Amino acid sequence: MFESLSERLESAFKQLKGEGRISEINVASTIKEIRRALVDADVNYKIAKELTDRIREKAMGEKVITAISPGQLMVKIVKDELSELMGGTEAELELKTNPTVILIAGLQGSGKTTFSGKLANFLKTKKNKKPLLIAADIYRPAAIDQLKVLGEQIGVEVYSEPENKNAVQIAENGIKQAKANGNTVVIIDTAGRLAVDEVMMNEVANVKAAVKPQEILFVVDSMTGQDAVNTAKTFNERLDFTGVVLTKLDGDTRGGAALTIRYTVDKPIKFVSMGEKLDTLDVFYPERMAQRILG
Ligand code: GDP
């Protein structure tokens, strides 16, 4: 599919022998290679350009030590830069409040409900929490059933009011029940639409205003490339979310959307989802994603 950037850089530097430092001339051609590889990996062109300008500055005058080749040195510089841009270290959830309220938002089909189940399972098994899932999708009865099935699989209770068409009330009632039952985390799965629309945005914004969640996680399908970035921008403007969840990374996307979203909305990516099985939720590690983008 893609030739990896590491391979491209290695071959771009093949000619270069006996020079002790990376110079203007030998950097110029490789910068182009890096930019092309980033764009191939779904990184927005403008961002790829800014990034490579920075990389050029960093690389210039770098001493090439004998232990590694200039190509390898460039790969390291690029990888460090990408990783830094995506936050450097992993971002944790804020779980101090009792119960912690986590609102899940995103387009229909992005993987919200699946992620809600995965997150509940993660918090239960890895963080010793007692989660309650709230099904607040008032448009698709099937979404409630889907969440119930997931809840049964992981042994987590699901709160729903199939007859109620008021998402704010459902969320508030669910939180009341969580407090009464001693749940330490509440995960609210909200409705999504196929495209961003006002009704959906108002509804999620109203739920946010009513329940004041500690975390608002925006779920986005990594396969949707540049669209993912535009959607992230719109949701962030309305919801000011606290983190991003990148789903369907088990597909063949390179993951450049992670970089572009981080760069555009300046919010941490907290989790990646790599499959439909409930135990495949992964914390987001910038360095691993940098490696994936580089190939
Ligand atoms: P929602 O409409 O946002 O709640 O999305 P769903 O959770 O129902 O997911 C939509 C489809 O994507 C379903 O068929 C899921 O099984 C699938 N899905 C969700 N997350 C992942 C993932 O990480 N990888 C893959 N391959 N499929 C996923």
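Start at 1 and go down the list; that is how both ligands and their atoms are numbered. Note that the structure is a prediction, hence the values are computed from the model and not measured.
Here is the list of ligand 1 atoms found below 4.0 Å of a heavy atom in Gln108: 2 (O). Atoms of ligand 1 found under 4.0 Å from any heavy atom of Gln146 (numbered from 1 in listed order, with element): 6 (P), 7 (O), 8 (O). Every atom of ligand 1 is numbered from 1 in the order shown, and the set under 4.0 Å from a heavy atom of Gly275 is 21 (C), 22 (C), 23 (O), 24 (N). Using a 4.0 Å cut-off to heavy atoms of Leu107, the atoms of ligand 1 that qualify are 3 (O). Near Arg140, meaning under 4.0 Å from any of its heavy atoms, are these atoms of ligand 1: 2 (O).
Within the 4.0 Å heavy-atom cutoff, Gly109 counts among the residues contacting ligand 1.
If you check which protein heavy atom lies closest to atom 15 (C) of ligand 1, you get Thr114 OG1, 3.8 Å. Residue, atom and distance of the protein heavy atom nearest to atom 23 (O) of ligand 1 are Ser273 OG, 2.8 Å. At the shortest separation from atom 3 (O) of ligand 1 among protein heavy atoms lies Lys112 N, 2.8 Å. The shortest contact between atom 14 (O) of ligand 1 and any protein heavy atom is with Glu276 OE1, 4.2 Å. Remark: minimum distance from atom 24 (N) of ligand 1 to any protein heavy atom is reached at Asp250 OD1, 2.8 Å.
Proximity of a side-chain donor or acceptor of Ser110 to a complementary backbone N or O of Gly106 within less than 3.5 Å is not detected.
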Determine whether Arg238 and Val204 satisfy the following criterion, side-chain contact (heavy atoms from CB on, under 4.5 Å), listing intermediate values before the conclusion. CA-CA 9 Å; Arg238 282 303 285 278; Val204 194; over 6 Å; no
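With a 4.0 Å cut-off on non-hydrogen atoms, Arg193 does not touch ligand 1 at all. Contacts with ligand 1 closer than 4.0 Å are made by backbone heavy atoms (N, CA, C, O) of Met274 only, the side chain lying farther away. Residue-level proximity to ligand 1 for Thr113 is carried by backbone and side chain together, each with a heavy atom below 4.0 angstrom.
Side-chain contact between Asp189 and Ile134: absent, with no pair of heavy atoms (C-beta onward) separated by less than 4.5 Å. Side-chain contact between Lys267 and Thr242 is absent, with no heavy atoms from C-beta onward closer than 4.5 Å. No side-chain heavy atom of Thr247 sits less than 4.5 Å from a side-chain heavy atom of Thr114. Side-chain atoms of Ile293 and Leu259, non-hydrogen and from C-beta on, do get closer than 4.5 Å to each other.
Ranked by closest heavy atom to atom 11 (C) of ligand 1, the top entry among Lys277, Met223, Lys248 is Lys248. The heavy atom nearest to atom 9 (O) of ligand 1, considering only Gly251, Gly111, Ser116, Gly192, is found in Gly111.
Taking the centre of each ring, Phe284 and Phe271 stay at or above the 6.0 Å mark.
For Lys165, the NZ atom counts as densely surrounded, since its 6.0 Å shell holds more than 12 non-hydrogen atoms of other residues, nucleotides or ligands. Shown here is Asn128, whose CG atom has no more than 12 heavy atoms of other residues, nucleotides or ligands within 6.0 Å. For Glu90, the CD atom is densely surrounded, since the number of other residues' heavy atoms within 6.0 Å is greater than 12.
Not one N or O of Phe115 is nearer than 3.5 Å to an N or O of ligand 1, by distance alone. Of the N or O atoms in Thr247, none lie within a sub-3.5 Å distance of an N or O in ligand 1. Among the atoms of Asp189, none of the N or O lies under 3.5 angstrom from an N or O of ligand 1.
In summary, Asp40 and Arg36 do not engage in a salt bridge, as defined by a charged side-chain N under 4.0 Å from a carboxylate O.
Annotation: cation-pi geometry not satisfied between Lys127 and Phe122 (NZ/CZ under 6.0 angstrom from ring centroid, within 45° of ring axis).
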